[in-house]
Amino acid sequence: MLQQTQVETVIPYYERWLNKYPTVNSVASEKIDKLLKIWEGLGYYSRCRNFHEATKEIIKSHNGVIPNQFGVFKSLKGVGNYIAGAVMSIAFNQPYVAIDGNQQRVIARVLGIKNLTQRNRKRLSLYLSQLVNYGNSGDINQALMDLGSSICKPRKVDCTHCPFRLTCKAHKFNDPLGYPIIIAKQKIPTKRFAAMLIRHKDNIFINKRAESGLLGGLWELPNVEIHNGSKSKTLLKEKLGCRFGCEVKVGPKLGAISHAFTHFKMNIDLFDGQLKINPKLKTGEKWVAFSDIDQYAFSKANHKLFELVDVSNG
DNA sequence: AACACGTGGAG
DNA sequence: TCTCCAAGTGT
């Protein structure tokens with residue numbers, strides 16, 4: 001849950017999750033749709049799917065016991081170097097490093113590392129290995145992460161309160177923020193979409209996204225991407241008509257929302273719509289009562305669409 | 001190696 | 001409003 005996500009954001013999700021799924025087996029034996037509903041709003045939904053897979057693997061191949069060897073634990077889905085190191089050191093008191101963004105930045109400054117090349121990452125890791133080899137590896141990992149999140153921040157430092165102040169190279173050079181060099185981000189594109197609110201009595205039509213990829217396994221209002229200047233209404237009528245195998249009547253525009261992901265921005269126009277006949281529902285397509293919408297996991301963008309029309313009140 | 005992958009906090 | 005970035009991992 002903590003992957004690229006601030007601790008404060010995670011806490012309520014973590015508590016809800018542990019309250020509902022306190023054991024490995026309770027996760028492994030649950031349906032992914034239920035897990036995604038608990039995860040809804042946290043983002044990076046593949047983490048949820050990976051965790052589900054990891055628990056199933058623990059039941060299937062490890063007798064339900066969480067592996068306490070680095071290599072075995074790291075082989076679980078969604079577990080990389082950081083998580084494996086964090087669990088080995090914090091949970092099992094083994095001398096492994098757990099290099100998150102904080103530790104990387106702190107040690108890069110201490111060692112005066114400008115460029116995070118592969119070679120310099122190894123220097124950094126070696127330095128940390130020596131630290132954790134003295135013992136208390138879990139506490140050391142925790143402490144360095146906390147140092148990075150509280151006083152050795154990316155764009156603001158408080159060197160006078162830093163335990164490394166006497167030896168830190170970046171501090172000595174009087175340029176802590178210059179270490180490591182921050183790689184400029186490239187601009188992200190903006191994409192246009194048109195979505196449709198298809199009503200039938202007290203139901204609306206929703207469909208499930210593909211299990212993998214962006215927002216995998218979440219539900220959404222039917223939508224199409226609008227490329228270079230084509231007309232939203234025309235595209236909705238054509239593409240959704242083709243998908244449902246029946247004529248689609250596109251009504252008035254109900255509103256618009258925008259939403260930002262890490263790698264692109266999105267503008268969505270929402271249209272009212274009707275299907276001329278009831279289509280034969282395929283897998284992942286559903287009519288859902290307004291009152292039952294909260295049973296399904298939707299992305300934040302979809303909730304913004306719902307807010308446009310206040311579906312909960314019809 | 002580079003890019004995909006969500007959302008919200010903070011300045 | 002805009003930009004950066006957060007307890008990274010998979011492909």
Side-chain angles (χ1 to χ4, degrees), chain A residues 1-14 36-54 57 73-91 96-108 115-119 121 124-125 128 137-150 152-157 177 180-191 209-220 257-268 297-304:
Chain A
M1 283 182 167
L2 288 163
Q3 186 174 317
Q4 297 288 279
T5 308
Q6 295 186 340
V7 175
E8 290 302 315
T9 304
V10 164
I11 288 171
Y13 283 89
Y14 176 76
L36 282 170
K37 182 62 192 175
I38 305 294
W39 202 278
E40 180 183 32
L42 191 56
Y44 282 162
Y45 298 94
S46 66
R47 294 178 293 179
C48 182
R49 189 177 307 279
N50 286 337
F51 185 51
H52 190 213
E53 291 303 314
E57 181 69 10
F73 190 85
K74 186 172 179 291
S75 74
L76 298 170
K77 287 272 178 62
V79 176
N81 270 321
Y82 165 73
I83 294 181
V87 170
M88 288 309 112
S89 65
I90 296 170
Y96 286 95
V97 300
I99 307 176
D100 71 331
N102 289 308
Q103 286 215 36
Q104 181 171 264
R105 180 178 62 257
V106 169
I107 304 306
N115 298 298
L116 290 169
T117 59
Q118 202 166 23
R119 176 176 164 278
R121 285 173 206 272
L124 206 150
S125 178
L128 284 166
S137 54
D139 288 346
I140 289 172
N141 282 323
Q142 289 276 12
L144 289 170
M145 287 189 276
D146 288 347
L147 184 61
S149 67
S150 57
C152 189
K153 299 185 196 178
R155 287 166 191 283
K156 185 175 162 56
V157 294
L177 300 189
I181 287 177
I182 296 169
I183 292 138
K185 276 187 175 174
Q186 51 190 1
K187 269 203 268 185
I188 61 174
T190 300
K191 301 181 181 182
R209 296 178 59 86
E211 301 293 325
S212 63
L214 185 70
L215 307 171
L218 269 61
W219 293 81
E220 66 181 3
I257 65 107
S258 50
H259 188 72
F261 296 106
T262 309
H263 50 303
F264 70 94
K265 292 180 186 170
M266 187 166 65
N267 294 319
I268 310 178
F298 293 91
S299 73
K300 184 68 185 175
N302 246 274
H303 281 292
K304 289 181 184 174

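Chain naming here is simple, since letters A, B, ... match the order of the sequence lines and numbering starts at 1 in each.
Residue-level contact check: K77(A) touches the backbone only, with heavy atoms under 4.0 Å from sugar-phosphate atoms and none from bases. Nucleic acid contact class of N141(A) (heavy atoms, under 4.0 Å, all strands): none. Within 4.0 Å of Q186(A), counting heavy atoms only, lie sugar-phosphate atoms of the nucleic acid but no base atom. A98(A) comes within 4.0 angstrom of no nucleic acid atom, judged by non-hydrogen atoms across all strands. Among the atoms of the strands shown, only primed sugar atoms or phosphate atoms (P, OP1, OP2) are found under 4.0 Å from some heavy atom of G41(A). Residue R105(A) is classed as a sugar-phosphate contact, given heavy-atom separations below 4.0 Å to backbone atoms only. V79(A) comes within 4.0 angstrom of the backbone, heavy atoms only, and of no base.
Between I99(A) atom CD1 and dT9(C) atom P there is a gap of 11 Å when expressed in whole angstrom units. Here dC5(B) presents its C1' atom at 13 Å from CG of L42(A), a figure rounded to the nearest Å. What separates OH of Y45(A) from P of dA4(B) is a distance of 19 Å, to the nearest Å. The distance from atom CD1 of I11(A) to atom C1' of dG8(B) is 14 Å, rounded to the nearest whole Å. What separates CD of Q103(A) from C1' of dC5(C) is a distance of 18 Å, to the nearest Å. In this entry the distance linking CG of N102(A) with P of dA6(C) reads 7 Å, nearest Å. Residue W219(A) contributes atom CH2, which lies 21 Å from atom C1' of dG6(B) at whole-angstrom precision. One can place CE of M266(A) at 11 Å from P of dG6(B), the figure rounded to the nearest angstrom.
Between dA7(C) and dA4(B), the two P atoms lie 23 Å apart (nearest whole Å).
Looking at heavy atoms from C-beta onward, L128(A) lies in side-chain contact with L144(A) at the 4.5 angstrom threshold.
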Side chain to side chain donor-acceptor pair (under 3.5 Å) assessment of R47(A) paired with T5(A) = CA-CA 12 Å; R47(A) 294 178 293 179; T5(A) 308; 3.0 Å; yes

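At a cut-off of 3.5 angstrom, the base of dG6(B) holds at least one donor-acceptor pair with the side chain of Y44(A). For a distance-only test at 3.5 Å, the side chain of T5(A) fails to qualify as a donor-acceptor partner of the base of dG8(B).
Close to dC5(C), at under 4.0 Å from its OP1 or OP2, lies a side-chain N or O of R155(A). Note on R47(A): every side-chain N or O is 4.0 Å or more away from OP1 and OP2 of dG10(C). OP1 and OP2 of dG9(B) both lie 4.0 Å or more from every side-chain N or O belonging to Q6(A). Within the structure, every side-chain polar atom (N or O) of H259(A) is placed at least 4.0 Å from both OP1 and OP2 of dG6(B). Using a 4.0 Å cut-off, some side-chain N or O of H263(A) falls inside it from OP1 or OP2 of dC5(B).
For F264(A), the CZ atom is densely surrounded, since the number of other residues' heavy atoms within 6.0 Å is greater than 12. Within a 6.0 Å sphere centred on NZ of K304(A), heavy atoms belonging to other residues, nucleotides or ligands number more than 12.
Taking all atoms of both residues into account, the shortest heavy-atom contact from F261(A) to I188(A) is O-CD1, 4.1 Å.
Distance from the side chain of K300(A) is smallest for dG8(B) among the nucleotides dG8(B), dC5(C), dG6(B). Of the candidate nucleotides dT3(C), dA7(C), dC5(C), dT3(C) has the atom nearest to the side chain of K265(A). Of the listed nucleotides (dT7(B), dC5(C), dA1(B)), dT7(B) has the atom at the smallest distance from the side chain of F261(A). Comparing dG6(B), dA6(C), dC5(C) against the side chain of T262(A) picks out dG6(B) as the nearest.
Both L76(A) and L2(A) lie close to DNA chain C; mapped to their nearest nucleotides by heavy-atom distance, the more 5′-ward contact belongs to L2(A). Residue order along DNA chain B, read from the 5' end via each residue's closest nucleotide, puts L215(A) first among L215(A) and E8(A). Looking at which nucleotide of DNA chain B each of K153(A) and L218(A) is closest to, the 5′-most match is held by L218(A).
The existence of a salt bridge linking R49(A) and E211(A) is confirmed by a sub-4.0 Å separation between a basic side-chain nitrogen and an acidic carboxylate oxygen.
A donor-acceptor pair is defined here as one N or O able to donate and one able to accept, closer than 3.5 Å; no such pair exists between the side chain of N102(A) and the backbone of S150(A).
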